[in-house]
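In what follows, chains carry the letters A, B, and so on, assigned in the order in which the sequence lines appear, proteins first and then strands, with residues in each chain numbered from 1.
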Number of protein chains: 2
Amino acid sequence: MIKVLIYEDIRELREGLTMLLNGSEGFEVLAAYRNCDNVVDEVTGLQPDVILMDIDMPGTTGLEGLKRVREVNKVVKILMLTVFDDNDHVFKAITNGANGYLLKKTKPALLLEYIADAHTGGAPMTSSIATQVLQMFASMNNHKKEETFNLTERERQVLQLLVDGYSYKMIAAEKFISIDTVRSHIKKIYEKLQVNSKSEAIAKAFKNRMTEDR
Amino acid sequence: MIKVLIYEDIRELREGLTMLLNGSEGFEVLAAYRNCDNVVDEVTGLQPDVILMDIDMPGTTGLEGLKRVREVNKVVKILMLTVFDDNDHVFKAITNGANGYLLKKTKPALLLEYIADAHTGGAPMTSSIATQVLQMFASMNNHKKEETFNLTERERQVLQLLVDGYSYKMIAAEKFISIDTVRSHIKKIYEKLQVNSKSEAIAKAFKNRMTEDR
DNA sequence: TGAATTTATACATGTTTATGCGATTGTCTG
DNA sequence: CAGACAATCGCATAAACATGTATAAATTCA
């Protein structure tokens, strides 16, 4: 039996969801609230398995409710409900520990499946939401491609050491070369990166993710 | 009619998928290959709507195939198939532009739905995969919270300018303070960050995402 | 109100960087 | 083979930085 808590400000929808779940095998609605002003107390008191949380609620918003619950309970599964597949909301919900993100227009049968899914550790998402998540993800990481600035292997090594906070002297010792050689490499690196100080080179290296993040 | 191209090294599965799709209303398999050694030619020649791509293939791997296709075609939908919900593969597939990621054990009926879904712009994912994606996403972004190192407002400003490549002199001019004041601020910053050079401070600022990425 | 913190300034000394001009050796390629 | 490039080393100089020690007004907060 999956114990569910519902937060939804629209009465029809709230009651509809309650009836749907209570009328389905394996689901039980512990309570349904019109806002999440007391969400922490309610969750700790009732100990639900899954929470359906509307995002767009007056007063304490669903995102705020999500945060509050997560502060005291990391295991309860929280599914966000919304009418819009709004990019910003999706992002915030995910980074705040939501387990899934569903559009309200999801069909009842699917909804039940999604809830069960979340309960067993899945992360159900309406596919339009998933698309957004993938795009965000891809855009974040595509950052790091290309732009090697035609550095030679040796230059890359030297730059890496610079980024790691080594002085010329230390680089020389590390690589068994003279400090003058280090200088000449670094001069070349500056040319290629089009900078003229260690700081700028390091900043550029980080911005272009050219270095080994340790 | 959704035109599908299949890449799968296991004959039974390849033929099974072909039969399933050809026997279903609205789907047509253009071809099914055992490897993606010639994937670019095949895709440009046949112009499919959706590609089912096995990840674990001998020879040219599915990830490699994905990359090659994406170099010449940004619109065709590519669904990755795999037996394992391996973290690393999922990550690479996503950042290389896959539209969805399915486990091979997905039921036939669902598979058809997923393909149609991808065709209309969705990003179908087995929910266990989705869970991983969300976790990766959350962990990436939680990076940037906290760890302000108790820098004062002024110190933060100075650090920001350092990161932007300003010299002491330039910072002094920018902030209308003397260079000696800049020195003392920076000395304090080093103490708090527990570093002892500009380079290390900058690196630490980037690693902790304390600065404004411009 | 009084103590602590932040912000500001000053001076001195030694270290590190940035940059210029050269020069030698080996490798690769047209 | 000649020319391009990578990697190495040397020397010189001016600028920038790191660090220590001191002082003091302004602000914050218990």
With respect to B:Glu155, which candidate in B:Lys192, B:Gln160, B:His185 satisfies the side-chain hydrogen bond (donor to acceptor under 3.5 Å, both in side chains) definition? B:Lys192
Does B:Arg34 have more than 12 heavy atoms from other residues, nucleotides or ligands lying within 6.0 Å of its CZ? no
Rounded to whole Å, please give me the gap between CD in B:Glu155 and P in C:dT7. 6 Å
Nucleotide C:dA18, atom P - distance to CD of A:Glu191 in whole Å: 14 Å
Inspect the surroundings of NZ in B:Lys175 and state if more than 12 heavy atoms from other residues, nucleotides or ligands are less than 6.0 Å away. yes
What integer distance in Å separates B:Arg154:CZ from D:dT28:P? 14 Å
Consider side-chain contact (heavy atoms from CB on, under 4.5 Å). Of A:Asp54, A:Val39, A:Asn35, A:Ile78, which one does A:Tyr7 pass it with? A:Val39
Nearest-Å distance, NZ (A:Lys188) to P (D:dA7)? 9 Å
Under 4.0 Å between a side-chain N/O of A:Tyr190 and OP1 or OP2 of C:dA18, yes or no? yes
Whole-Å distance, A:Gln194 CD to C:dT19 C1', equals 18 Å
A:Glu200/A:Ser197 under side-chain hydrogen bond (donor to acceptor under 3.5 Å, both in side chains): CA gap, chis, key distance, verdict: CA-CA 5 Å; A:Glu200 291 175 279; A:Ser197 77; 3.2 Å; yes
Expressed in angstrom and rounded to an integer, what is the separation of A:Leu159 atom CG from C:dT17 atom C1'? 16 Å
Nucleic acid contacts - residues 166-187 of chain B versus DNA chain D, non-hydrogen atoms under 4.0 Å: B:Ser167, B:Tyr168, B:Lys169, B:Arg183, B:Lys187
Identify whether the distance between the nearest side-chain nitrogen and carboxylate oxygen of B:Glu64 and B:Arg68 falls below 4.0 Å. yes
Roughly, in whole Å, what's the span from CD in B:Glu200 to C1' in D:dT19? 15 Å
Between P on D:dA6 and CZ on A:Arg156, what's the gap in Å once rounded to a whole number? 12 Å
